[in-house]
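Report on one structure; see the data block that follows.
Position 1 is the first residue of the sequence; numbering continues from there. We use all heavy atoms of the structure for the numbers below, so side chains are in, but hydrogens, waters and symmetry mates are not.
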Amino acid sequence: MNTGLYRDTHCVLDFDHHAAWVDDHHVQLTRKEFELLAELVSSAGEIVPRDSLLLNVWGYGPQIRTRTLDVHIRRLRRKLGIYGERQIETAFGIGYRFQPRPGSATPLHYLEAVPA
């Protein structure tokens with residue numbers, strides 16, 4: 001799991017404290033919603049396959065068929081408001097991608113350590 005912060009113009013994700021903010025408002029996420037968002041943000045700009053998300057977040061193997069991922073994506077988008085639809089893209093039949101807004105995101109390798 002990552003440590004530090006992901007930040008863009010509207011969203012902040014604190015990996016160490018499992019917390020998220022949108023436009024300076026704390027977003028209450030369940031543990032699985034946070035883990036799912038963290039997986040997507042960790043691969044920002046890249047499509048993360050469904051099987052990979054199901055394995056890394058829920059521990060499900062490829063033989064498991066479930067709509068859990070889709071339900072959690074829908075809830076996550078709703079909680080992130082207008083940015084949820086803009087930043088969490090569906091790659092139909094493949095998976096999902098967290099797409100930072102051009103010029104607004106702090107690349108993952110620039111994540112800041114959370115002050116002690």
Side-chain angles (χ1 to χ4, degrees):
M1 182 59 119
N2 289 309
T3 59
L5 295 174
Y6 165 84
R7 169 188 312 268
D8 67 26
T9 305
H10 301 283
C11 300
V12 175
L13 190 64
D14 182 337
F15 292 99
D16 295 329
H17 297 98
H18 289 216
W21 294 266
V22 173
D23 289 337
D24 297 325
H25 298 287
H26 182 259
V27 178
Q28 188 68 37
L29 300 176
T30 66
R31 185 175 57 112
K32 290 298 182 190
E33 289 167 346
F34 182 86
E35 290 175 10
L36 176 57
L37 183 57
E39 282 289 321
L40 292 170
V41 167
S42 295
S43 299
E46 299 176 18
I47 296 172
V48 182
R50 292 180 61 84
D51 288 347
S52 178
L53 291 168
L54 286 168
L55 179 64
N56 293 338
V57 177
W58 286 275
Y60 294 165
Q63 70 281 5
I64 302 292
R65 297 289 170 230
T66 179
R67 301 302 293 175
T68 294
L69 175 58
D70 306 297
V71 169
H72 278 77
I73 289 287
R74 186 171 50 247
R75 289 179 185 160
L76 193 52
R77 283 175 172 155
R78 185 172 50 238
K79 288 184 177 185
L80 295 177
I82 62 171
Y83 309 112
E85 287 296 325
R86 292 178 186 170
Q87 291 189 282
I88 300 175
E89 298 177 348
T90 301
F92 292 99
I94 300 170
Y96 295 93
R97 171 178 37 218
F98 182 84
Q99 191 62 48
R101 297 295 78 183
S104 68
T106 301
L108 198 56
H109 60 276
Y110 289 119
L111 290 176
E112 304 166 10
V114 176

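At a threshold of 4.5 Å between non-hydrogen side-chain atoms, the residues F98 and L13 do not count as touching. With a 4.5 Å cut-off on side-chain heavy atoms, R50 and L53 do not count as touching. Looking at heavy atoms from C-beta onward, N56 lies out of side-chain contact with V48 at the 4.5 angstrom threshold.
How far CZ of F15 is from CD of E35: 12.0 Å, rounded to the nearest 0.5 Å. Atom CG of L69 is separated from atom OH of Y60 by 11.0 Å, given to the nearest 0.5 angstrom. Summarising the geometry, atom NE2 belonging to H72 is positioned 5.0 Å from atom OG1 belonging to T30; distances are rounded to the nearest 0.5 Å. Rounded to the nearest 0.5 Å, atoms CG (L36) and CH2 (W58) are 5.0 Å apart. Distance CD/E39 to CG/L54: 11.0 Å, rounded to 0.5 Å. Taken to the nearest 0.5 Å, the CZ atom of F34 stands 7.5 Å off from the CG atom of L29.
A salt bridge does not link R75 with E33: none of the charged nitrogens is closer than 4.0 Å to a carboxylate oxygen.
By the side-chain hydrogen bond (donor to acceptor under 3.5 Å, both in side chains) test, R67 pairs with D70, sequence neighbours left out. Take D23 and apply the salt bridge (charged side-chain N to carboxylate O under 4.0 Å, His left out) test, not counting sequence neighbours, and it matches no residue. Checked against side-chain contact (heavy atoms from CB on, under 4.5 Å), V12 has the following partners two or more places apart in sequence or in another chain: L5, R7, W21. When the side-chain hydrogen bond (donor to acceptor under 3.5 Å, both in side chains) test is applied to R77, the partners found at least two apart in sequence or on another chain are T90.
Pairs of residues two or more places apart, or lying in two chains, that qualify as ring-ring contact (aromatic ring centres under 6.0 Å, His included) and include a residue from residues 76-97 are H10-Y83.
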V57 and T68: CA distance, side-chain angles, deciding distance, side-chain contact (heavy atoms from CB on, under 4.5 Å) verdict: CA-CA 11 Å; V57 177; T68 294; over 6 Å; no
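Apart from I94 itself, the hydrophobic cluster it occupies contains I47, where clustering links Ile, Leu, Val, Met, Phe, Trp and Tyr at side-chain heavy-atom distances under 4.5 Å.
The nearest pair of heavy atoms linking Q99 to G45 is OE1-CA, 3.9 Å. The heavy-atom pair separating D16 from G4 by the smallest distance is OD2-N, 3.3 Å.
Linking ILVMFWY side-chain heavy atoms closer than 4.5 Å, directly or via other members, places I82 and V27 in a single hydrophobic cluster.
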